[in-house]
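Single-structure report; data block below.
Atoms considered below: every heavy atom in the structure, side chains included; atoms not considered: hydrogens, waters and symmetry mates. Along the sequence shown, residues carry numbers from 1.
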Amino acid sequence: MDGKLLDFVAAMTRLANQPPPQEAQMLASAAALVRDLIAVDDWLPDALATPHPQYYQQHLLYGDPLERFSLVSFVWGPGQKTPIHDHTVWGVIGMLRGAECGQRYERKEGGAWGKLGVEEKLEPGDIELVSPAIGDIHQVRNAFDDGVSISINLYGGNIGRVQ
């Protein structure tokens, strides 16, 4: 594990070991750690930064053994996007390379999805926060049709086990 990633994991573990703060404080503290991690793009191994030609890739960078948090790299090939989804846990999205666009949604009467606000663009160094309390239903896409983008996503749980 790279030194910067190891430093992040150690700091996030110390944060997770403290008595649980209010979600807003956890998001603020975790966002500061993610911001430091993505400040310089020289630590993510090529194997965890290579796009798939058909669909976006998710690579687990670290999963806390007590499932208090997990860290994932999202690798976007040209034109790739997610379905509309939520996370059910808090999250911090940090843009490492390229750019991604996110559109928030809400459930309308009758079950249809309706857009909330305008699509937002994240560029390297930008941070976005999500949680059920502040809104976490969105669709995300690579901002480029001809390039790769990578975001680093921190979740308040084992995102691989979240339903």
One pair to check against side chain to side chain contact (heavy atoms under 4.5 Å, CB included): Trp43 and Leu96. What are the steps and the verdict?
CA-CA 10 Å; Trp43 57 270; Leu96 183 68; 4.1 Å; yes
Donor-acceptor contact below 3.5 Å, side chain Ser149 vs main chain Ala99 = yes
The side-chain hydrogen bond (donor to acceptor under 3.5 Å, both in side chains) partners of Gln25 (sequence neighbours excluded) come to Ser29
Here the side chain to side chain donor-acceptor pair (under 3.5 Å) pairs for residues 6-19, sequence neighbours left out, are Asn17-Arg68
The complete set of salt bridge (charged side-chain N to carboxylate O under 4.0 Å, His left out) pairs with one or both residues in residues 36-62, sequence neighbours excluded, reads Lys4-Asp42, Asp41-Arg97
In this structure, CG of Leu33 is separated from CG of Leu154 (nearest 0.5 Å) by 8.0 Å
| task | Using atom types as modelled and distance alone, determine if a side-chain donor or acceptor of Glu67 lies under 3.5 Å from a backbone N or O of Gly157. | result | no
Are Val75 and His59 packed together at the side-chain level, in the sense that at least one heavy-atom pair is separated by less than 4.5 angstrom? yes
For Ile84, the hydrophobic cluster (side chain heavy atoms closer than 4.5 Å, chained through members) also holds Tyr105, Trp113, Ile137
Val92 and Ala30 have their tightest heavy-atom pair at CG2-CB, 4.1 Å
Here the pair of heavy atoms bringing Pro51 nearest to Val148 is CG-CG2, 3.5 Å
To the nearest 0.5 Å, atom CG of Leu15 lies from atom CZ of Phe8 at 9.0 Å
Taken in chain and number order and not counting sequence neighbours, the residues that satisfy ring-ring contact (aromatic ring centres under 6.0 Å, His included) with His52 are Tyr55
Residues joined to Val130 in its hydrophobic cluster, side chain to side chain under 4.5 Å directly or through other members, sorted by chain and number, are Ile93, Met95, Leu122
Report task. Ignoring hydrogens and angles, tell me if any N or O in the side chain of Asn142 forms a donor-acceptor pair with the backbone of Phe144 under 3.5 Å. Result -> yes
Tested for side-chain hydrogen bond (donor to acceptor under 3.5 Å, both in side chains) against Arg104, the lone hit among Gln139, Glu120, His138, Glu128 is Glu128
When every non-hydrogen atom of Glu23 is compared with those of Ser131, the smallest separation belongs to OE2-OG, 2.6 Å
Between Thr82 and Trp76, does a side chain to side chain contact (heavy atoms under 4.5 Å, CB included) hold up when you go through it step by step?
CA-CA 10 Å; Thr82 68; Trp76 306 91; 3.3 Å; yes
TODO: Would you indicate whether the side-chain heavy atoms of Ser70 and Leu60 approach each other to under 4.5 Å?
DONE: yes
Do Ile127 and Leu129 touch side chain to side chain, with heavy atoms closer than 4.5 Å?
yes
Compare all side-chain heavy atoms of Leu61 with those of Leu44 and state whether any distance is below 4.5 angstrom. yes
The reported gap from CZ in Arg141 to CD in Glu100 (rounded to nearest 0.5 angstrom) is 10.5 Å
>> Using a strict threshold of under 4.0 Å (side-chain N to carboxylate O), is an ion pair present between Glu119 and Lys121?
In response: no
Any side-chain to backbone donor/acceptor pair from Asp136 onto Trp90? Under 3.5 Å, distance only. no
